[in-house]
Amino acid sequence: MDPEKKKLLNIVVLGVGFMFMFTAFQTCGNIEQTVIKSLNTTEFHGSGYTSMAIIYGVFSASNLIAPSVVAVVGPQLSMFFSGLLYSAYIAVFIYPLTWTFYTASVLVGIAAAVLWTAQGNVLAINSSDTTIGRNSGIFWALLQFSLFFGNLYIYCSWHGHVHITDKDRQSVFVTLTVISLVGCFLFFLIRKTVSESGALDDGDAAPDSSEDSSTSSVPLPGLCSQALDAFVKAGKVLVTKEMLLLSLASAYTGLELTFYSGVYGTCIGAMTRFGQDAKSLIGISGIFIGLGEILGGGIFGMLNRCNRFGRNPVVLLGLITHYLAFYLIFLNIASDAPIAPEEGTQLEAYMEPSVAVALICSFLLGFGDSCFNTQLLSIIGFMFREESAPAFAIFKFIQSIMAAVAFFYSNFLLLHWQLLVLVLFGFAGTVTFFMAEWVAVAGRRAFEYDTI
């Protein structure tokens with residue numbers, strides 16, 4: 001097979017594998033706070049927001065060692081074993097216990113760091129300067145199909161259910177666990193390719209000149225040296241001007257990730273003014289978020305093939321889209337909805353609550369998120385091609401620590417204050433992304449001038 005076609009196929013397989021895994025995990029995150037409120041047991045005292053705060057807190061710290069793990073184990077096995085821990089977290093909800101719930105939260109935080117570092121490594125290895133934008137868009141669109149399928153399943157399962165029974169919960173989470181495991185095994189379909197430097201994309205130890213070097217064993221001191229080298233590279237990338245500029249945009253994606261994946265669905269489910277279908281509307285909201293993500297990923301993946309106008313217009317579009325969504329949510333959703341009890345809230349915001357407006361906002365949240373994330377994946381893969389694993393690890397480190405902070409304050413902060421935080425960070429992140437893009441453009445021009 002032509003090397004470029006093989007690389008494109010690897011990107012598609014990568015995207016489909018993540019689609020299956022996150023059909024399960026994102027759906028789990030979207031509904032878990034609502035499910036926990038409905039549990040008929042005195043033995044469980046967990047909180048979905050607290051669990052997510054633990055996951056993203058551990059995720060952020062684990063990103064410091066994730067490049068070392070990927071360097072030693074290889075991206076393919078790293079993604080597989082990380083995926084198994086994701087599946088274990090989902091399976092906890094079949095028979096939930098407080099200690100297993102929080103233990104699984106810690107483990108999936110570690111797994112997430114390794115998973116996303118390996119994903120960024122595979123994406124960079126299977127892309128060139130001209131295809132990184134396209135491949136980022138393809139991966140992102142495939143990944144976000146997970147929101148469509150998972151939440152459609154939730155809507156069909158919970159339609160008309162005012163209260164979530166134990167049977168409802170168990171049937172949903174058994175299905176989600178199986179779907180997650182399918183995604184894990186799909187990673188074994190990613191085929192080895194040779195990068196420009198001659199290194200294999202399976203992340204094995206540095207190859208020697210022999211043809212079968214990918215199968216040779218590496219002594220333990222060599223593995224330790226690779227791990228230490230990856231850690232040092234991550235530290236150096238962290239303090240570069242480019243990564244510092246991108247840090248605020250990365251932080252914003254963590255905050256809005258928390259909002260659309262955990263908080264907003266909970267808000268919709270808590271709005272008693274939406275009627276007895278409020279709980280099933282969580283699934284429909286997730287579908288609309290997914291549609292926005294898929295549309296954005298597809299469009300910006302195609303636009304990046306020419307990349308005539310750069311990344312800044314796409315990020316600006318994302319900010320405007322999110323600002324519109326935040327304003328409509330402020331008008332439509334009650335301020336106490338994120339922290340309302342299981343029976344919901346009777347309050348109104350500043351307009352008659354509208355399901356249509358709520359779902360439009362879901363679409364806008366997804367579309368805006370795709371604007372930011374596709375361009376961040378693209379610019380990081382472009383600017384840090386030779387240090388892709390540590391660069392993507394740092395991106396996820398910043399994103400996840402802010403997501404942890406957001407899930408923590410979601411336990412007690414009213415909706416309008418959460419929206420204010422998003423507005424401020426969105427503006428700051430967009431401005432600094434513009435500066436990073438100008439640095440990238442200047443660097444490309446300097447390189448082209450030097451090679452004439």
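Residues passing the side-chain hydrogen bond (donor to acceptor under 3.5 Å, both in side chains) test with Thr253 are Gln399, sequence neighbours excluded. Looking at residues two or more places apart in sequence or on another chain, you find no side-chain hydrogen bond (donor to acceptor under 3.5 Å, both in side chains) involving Thr266. Shown here are the ring pair (Phe, Tyr, Trp, His ring centres under 6.0 Å) partners of Phe188, two or more places apart in sequence or in another chain: Phe80. With sequence neighbours excluded, the residues that form a side-chain hydrogen bond (donor to acceptor under 3.5 Å, both in side chains) with Tyr153 are Thr175. Taking the side-chain hydrogen bond (donor to acceptor under 3.5 Å, both in side chains) definition, one finds that Gln119 meets it with nothing, sequence neighbours left out.
The aromatic ring centroids of Tyr252 and Phe425 lie 6.0 Å or more from each other.
In this structure, Leu14 CG and Lys7 NZ are separated by 14.5 Å, a value rounded to the nearest 0.5 Å.
A ring pair (Phe, Tyr, Trp, His ring centres under 6.0 Å) with Trp116 is found for exactly one of Tyr56, Phe392, Tyr86, Phe22, namely Phe22. With Ile333 as reference, Leu415 is the one residue of Val357, Leu328, Leu415 to meet the side chain to side chain contact (heavy atoms under 4.5 Å, CB included) rule.
With Phe382 as the aromatic partner, Arg311 meets the cation-pi criteria of under 6.0 angstrom to the ring centre and within 45 degrees of the ring axis.
The closest donor-acceptor contact from the side chain of Thr131 to the backbone of Ser127 lies at 3.5 Å or more, if one exists at all.
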Taking distance alone, no hydrogens or angles, what donor-acceptor pairs closer than 3.5 Å link side-chain atoms of residues 361-368 to residues at least two apart or in another chain?
| unit_1 | atom_1 | unit_2 | atom_2 | d |
| --- | --- | --- | --- | --- |
| Ser362 | OG | Ser285 | OG | 2.7 |
| Ser362 | OG | Ala358 | O | 3.1 |

Run the ring pair (Phe, Tyr, Trp, His ring centres under 6.0 Å) test on Phe397 and Phe59 for me, step by step, so that the C-alpha distance in whole Å, both residues' side-chain angles and the decisive distance to 0.1 Å come before the verdict. CA-CA 7 Å; Phe397 167 76; Phe59 184 3; 9.4 Å; no
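Environment of CZ in Phe412: crowded, with over 12 heavy atoms of neighbouring residues, nucleotides or ligands closer than 6.0 Å.
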